[in-house]
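Inspection log for the structure reproduced underneath, given as structure tokens.
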Amino acid sequence: CVHHYSANYEAPEAAAAELRDYLSRVHELYGKPVWLTEFALANWKTAATSKQQRTYIKEAVPMLEKLPFVERYAWFAMQRFKGANDALANSHLTDDTCKLNPTGIAYRDAK
């Protein structure tokens, strides 16, 4: 089980490639299936925009679906948790009424 946060807000393709490379290294190191239990964009100084998170989701999820050694993955989406410096403020998948927001819809529909 691993977590991964990319600070590459401006280049979602590069952020997805960074995630793929990290997961590949973990798999090669241990020779075990990988569970990615948290991932999102975060640089721990400023929040990525909701649009940047959605763009990253659209790049990362199809890539994760194709990696044969990734058994499980989960977007980081703790409601109301914003992290240090509000760095995860726009990573939530639901609004305050627990209905899917645009980021949640992007995650649900990504393939």
For [X], side chain to side chain donor-acceptor pair (under 3.5 Å) partners two or more places apart:
{"X": "Asp109", "value": "none"}
{"X": "Arg20", "value": "none"}
{"X": "Glu10", "value": "Gln52"}
{"X": "Tyr107", "value": "none"}

Is any side-chain heavy atom of [Y] closer than 4.5 Å to one of [X]?
{"X": "Thr103", "Y": "His92", "answer": "no"}
{"X": "Leu41", "Y": "Tyr5", "answer": "no"}
{"X": "Leu19", "Y": "Met63", "answer": "yes"}
{"X": "Phe39", "Y": "Tyr22", "answer": "no"}
{"X": "Cys1", "Y": "Trp35", "answer": "yes"}
{"X": "Thr37", "Y": "Val2", "answer": "no"}
{"X": "Trp75", "Y": "Val61", "answer": "no"}

I need the Cys98 SG to Leu93 CG distance, nearest 0.5 Å. 11.0 Å

Closer than 3.5 angstrom, by distance alone: can the side chain of [X] be matched with the main-chain N or O of [Y] as a donor-acceptor pair?
{"X": "Asp21", "Y": "Ser24", "value": "no"}
{"X": "Tyr9", "Y": "Gln53", "value": "no"}
{"X": "His27", "Y": "Lys32", "value": "yes"}

Locate the shortest heavy-atom distance separating [X] from [Y]; write the atom from each residue and the value.
{"X": "Val70", "Y": "Leu64", "result": "CB-O, 4.2 Å"}
{"X": "Arg54", "Y": "Pro102", "result": "CD-O, 3.3 Å"}
{"X": "Ala40", "Y": "Tyr56", "result": "C-CE2, 3.9 Å"}

Which residues pass the side-chain contact (heavy atoms from CB on, under 4.5 Å) test with Glu18, sequence neighbours left out? His4, Ser6, Asn8

Which other residues belong to the hydrophobic cluster containing Leu100, where Ile, Leu, Val, Met, Phe, Trp and Tyr are joined when side-chain heavy atoms lie under 4.5 Å apart, directly or via other members? Ile105

